[in-house]
Q: 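If you scroll down you'll find the structure; I have some questions about it.
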Amino acid sequence: LYALSRCYNTYSFNLLGNQFGIIIKEQFDLANTKNCLDEDQLKKYRYYAHKSTEKFDKVNEMNPNFETIVGSIHTKWSNEHMSAWLNLRVYQNEEEAKKELRDNLYDPLIIDVAKNYLMSCEKDAILFTNGDNDTYPLHYVQEQLGFRKDVLIVNMSLLGVTRHINSYKDKVNEAIPMPSSIDYPYNESLYIQIMSKKKGKRKYVNINNAIETLKTQRRCPRYIKIALPVDSANKSKKSFIKLQIKGSYLYAHQIALLDILANFNWERPLYFLNAQQTLNMFIIKDKGIVQDYGLLNYIQYEGVVSRLVPFNTNPEKVNIDKSYDLLMNKYSYSNIQNVQETDIRNVISFMYSHLNLSTSLLQKGNDEKAILVTDKYFETFPIFTKFKSGSYSVRMMDVYIKTKQEDEYYRIDEMLKICTKKKDELESLKKLNSSDEYSLNIIKQNLRTLNQYSKTISDKKELEQAETEREKNEA
């Protein structure tokens with residue numbers, strides 16, 4: 001039944017265009033405008049989109065614990081409703097799209113996570129997202145709950161469809177349209193060649209000039225530079241971020257990203273849910289080893305999101321003050337203690353943010369706040385064993401050990417019991433799927449770390465006891 005649901009979903013998508021590499025003879029011939037579906041086409045699209053959500057809902061009724069690639073079946077069902085909403089907003093209009101909205105989509109935790117992402121952004125920001133779970137729930141809280149409608153949500157996967165790029169250039173809610181100087185086609189695949197490397201000294205081209213070359217010659221310089229805002233202390237000297245673009249071709253989503261970087265002028269806050277994935281085109285590797293992190297050198301964490309800033313962040317990867325306020329005072333996680341393991345992936349980035357902030361606080365010598373962040377972490381998140389979630393709990397113990405919070409050491413034994421039980425469960429299975437196999441390897445690694453913690457603490461106590469005994473004997 002789940003497979004049938006996905007078939008209906010794929011078919012409805014491909015009526016609008018070749019979005020999954022599948023060409024169907026019934027694909028609509030659409031005009032290069034909005035409101036491009038006639039009455040029969042709109043009816044046909046809705047029929048198959050609704051068939052998909054109906055079948056997903058049936059799976060949910062039969063087995064609420066059914067796990068999908070994006071998490072629980074309820075999350076998948078909710079995403080498909082929002083997918084139909086987004087398609088109709090892009091291909092038709094707001095009025096038709098709103099007919100797909102309904103109350104009670106998404107569990108309370110997913111709603112809180114979406115709000116947490118949006119509240120992390122400054123006013124009028126662009127927030128780059130990557131997957132279904134970090135995109136559709138955000139649209140839902142904006143459209144149905146009216147929350148932070150000033151933030152423009154730009155999904156990198158959808159930027160690969162030029163019709164979606166054009167929709168980002170339209171006025172959406174209270175958000176300022178996507179900054180752009182390129183006219184994009186609607187129904188054409190878009191890619192251009194990157195100029196080959198030349199021997200000798202690299203010549204970096206201003207990104208605005210690179211965009212002009214892209215438009216007029218359908219090719220792009222490999223080496224570009226982005227002007228930084230003029231420093232108040234040195235108004236006469238311009239500085240640049242110098243970047244190398246990897247690969248041989250640029251595709252639609254990469255062209256659109258360059259377009260935004262060329263036109264935001266440091267006036268519009270740019271945020272990322274996964275900066276490494278979004279900015280991967282600038283990360284240069286040689287034999288698997290990173291030689292140049294590109295724009296990641298100018299990324300700073302603000303809570304669970306990261307922001308492009310006009311200075312190298314290698315010494316200051318975390319905006320400590322803002323991150324502390326968000327994690328300690330602003331974020332919510334409704335019903336987190338009862339979350340299904342299938343939906344853990346929605347909070348893993350928040351778990352990492354606590355670890356990231358506590359580590360930065362320790363490096364700054366602010367042990368007191370590092371301990372408070374660690375306390376908050378263990379008060380908030382259960383001890384999970386799926387994916388990397390358990391690793392963050394294990395690594396958070398490092399704060400307690402380094403700051404000698406002996407009253408918290410009992411957590412090591414708790415985690416040892418939980419991890420050992422899960423390891424035994426997985427090892428008892430005759431065959432593991434790739435997800436369980438990955439979890440088992442992580443659990444084994446966590447058990448090694450926890451046992452090392454226990455040994456370190458035990459050795460230290462023995463040393464202290466021996467020292468106390470020696471002092472007594474000397475006395």
Side-chain angles (χ1 to χ4, degrees), residues 112-131 133-135 138 148 151-154 156 226 228 241 257 260-261 264 266 268-280 282-283 290 292-333 345-367 369-377 380-381 387-389 391-393 395-396 398-399:
D112 277 352
V113 165
K115 287 183 175 180
N116 291 345
Y117 285 139
L118 291 170
M119 75 171 66
S120 305
C121 302
E122 297 297 326
K123 184 172 170 42
D124 297 327
I126 296 175
L127 176 60
F128 290 94
T129 65
N130 302 89
N133 284 8
D134 60 21
T135 301
L138 276 66
R148 288 303 305 270
V151 178
L152 181 63
I153 301 164
V154 174
M156 285 300 293
I226 302 173
L228 292 167
I241 300 173
L257 177 59
I260 293 170
L261 291 171
F264 83 113
W266 298 100
R268 189 96 176 263
L270 300 187
Y271 285 92
F272 307 85
L273 293 190
N274 188 333
Q276 185 161 354
Q277 183 176 344
T278 301
L279 302 174
N280 183 56
F282 304 116
I283 301 174
V290 175
D292 183 0
Y293 282 96
L295 273 181
L296 292 187
N297 291 320
Y298 295 82
I299 290 295
Q300 188 173 58
Y301 288 97
E302 296 183 3
V304 75
V305 301
S306 53
R307 181 178 181 177
L308 182 64
V309 294
F311 53 88
N312 192 301
T313 59
N314 282 327
E316 301 285 347
K317 276 295 182 186
V318 178
N319 182 328
I320 288 178
D321 291 340
K322 183 174 179 181
S323 295
Y324 187 86
D325 184 46
L326 287 167
L327 292 174
M328 298 296 288
N329 305 316
K330 300 290 176 62
Y331 290 164
S332 298
Y333 314 91
R345 70 192 78 210
N346 296 300
V347 297
I348 284 181
S349 57
F350 294 87
M351 300 171 80
Y352 172 75
S353 296
H354 283 76
L355 175 64
N356 203 19
L357 176 58
S358 63
T359 302
S360 296
L361 287 166
L362 282 181
Q363 291 171 349
K364 292 288 184 180
N366 196 332
D367 291 3
K369 280 192 172 182
I371 293 166
L372 289 174
V373 171
T374 307
D375 291 343
K376 180 81 169 181
Y377 176 94
T380 303
F381 302 107
F387 311 120
K388 280 189 175 180
S389 55
S391 299
Y392 297 137
S393 298
R395 291 168 65 188
M396 287 298 288
D398 203 40
V399 177

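The residues of the chain are indexed from 1 along the displayed sequence.
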Q: Got a sec, which residues hit ring pair (Phe, Tyr, Trp, His ring centres under 6.0 Å) with Y333, two or more places apart in sequence or on another chain?
A: F350, F381
Q: Quick one: side-chain hydrogen bond (donor to acceptor under 3.5 Å, both in side chains) partners of N312, sequence neighbours excluded?
A: N314
Q: Between L327 and H354, what is the shortest heavy-atom contact and its length?
A: CD2-CE1, 3.7 Å
Q: Not counting sequence neighbours, which residues clear side-chain hydrogen bond (donor to acceptor under 3.5 Å, both in side chains) with T359? List them please.
A: none
Q: Between L355 and T374, is any pair of side-chain heavy atoms under 4.5 Å apart?
A: no
Q: Report the residues that fulfil side-chain hydrogen bond (donor to acceptor under 3.5 Å, both in side chains) with N274, sequence neighbours left out, ordered by chain and then residue number.
A: Q277
Q: Have N130 and T278 got a donor and an acceptor in their side chains that come within less than 3.5 Å?
A: yes
Q: Tell me every residue that passes ring pair (Phe, Tyr, Trp, His ring centres under 6.0 Å) with Y298, counting only those two or more places apart in sequence or in another chain.
A: none
Q: Taking atom types as modelled, find out whether S120 and Y331 have a side-chain donor-acceptor pair closer than 3.5 angstrom.
A: yes
Q: Looking at residues at least two apart in the chain, or sitting in another chain, which of them share a ring pair (Phe, Tyr, Trp, His ring centres under 6.0 Å) with F264?
A: W266
Q: Once side chain to side chain contact (heavy atoms under 4.5 Å, CB included) is applied, do any residues pair with D398, and if so which ones, sequence neighbours excluded?
A: K402, Y453
Q: Using the test ring pair (Phe, Tyr, Trp, His ring centres under 6.0 Å), find all partners of F272 that sit at least two apart in sequence or belong to another chain.
A: F128
Q: Do any N or O atoms from the side chain of S306 and from the backbone of Y301 form a donor-acceptor pair under 3.5 angstrom?
A: no
Q: For the atom pair CG (D134) and CG (N346), what is the distance rounded to the nearest 0.5 Å?
A: 9.0 Å
Q: Within this structure, what is the NZ-CD1 distance for the pair K317 and I299, rounded to the nearest 0.5 Å?
A: 7.5 Å
Q: Mind listing the closest non-hydrogen atom pair of L361 and A370 along with its distance?
A: CD1-N, 3.7 Å
Q: What's the verdict on side-chain hydrogen bond (donor to acceptor under 3.5 Å, both in side chains) for S393 and Y377, showing C-alpha distance, side-chain angles and the deciding distance?
A: CA-CA 8 Å; S393 298; Y377 176 94; 2.8 Å; yes
Q: Does the side chain of M396 come within less than 4.5 Å of S358's, by heavy atoms?
A: yes
Q: Within a strict 4.5 Å, meaning less than it, do heavy atoms of the L257 and L261 side chains meet?
A: yes
Q: Where is the tightest heavy-atom contact between Q300 and T313, given as atom of each residue plus distance?
A: CB-CG2, 3.9 Å
Q: What residue pairs, at least two apart or across chains, pass salt bridge (charged side-chain N to carboxylate O under 4.0 Å, His left out) with a residue in residues 352-363?
A: none
Q: Any salt bridge (charged side-chain N to carboxylate O under 4.0 Å, His left out) involving residues 116-126? Give me the pairs, sequence neighbours left out, ordered by first then second residue.
A: E122-K322
Q: List for me each residue that meets side-chain hydrogen bond (donor to acceptor under 3.5 Å, both in side chains) alongside D325, sequence neighbours excluded, and say none if there are none.
A: N329, K330
Q: Output every pair passing salt bridge (charged side-chain N to carboxylate O under 4.0 Å, His left out) with a member in residues 307-316, not counting sequence neighbours, ordered by first then second residue.
A: E302-R307, E316-K364
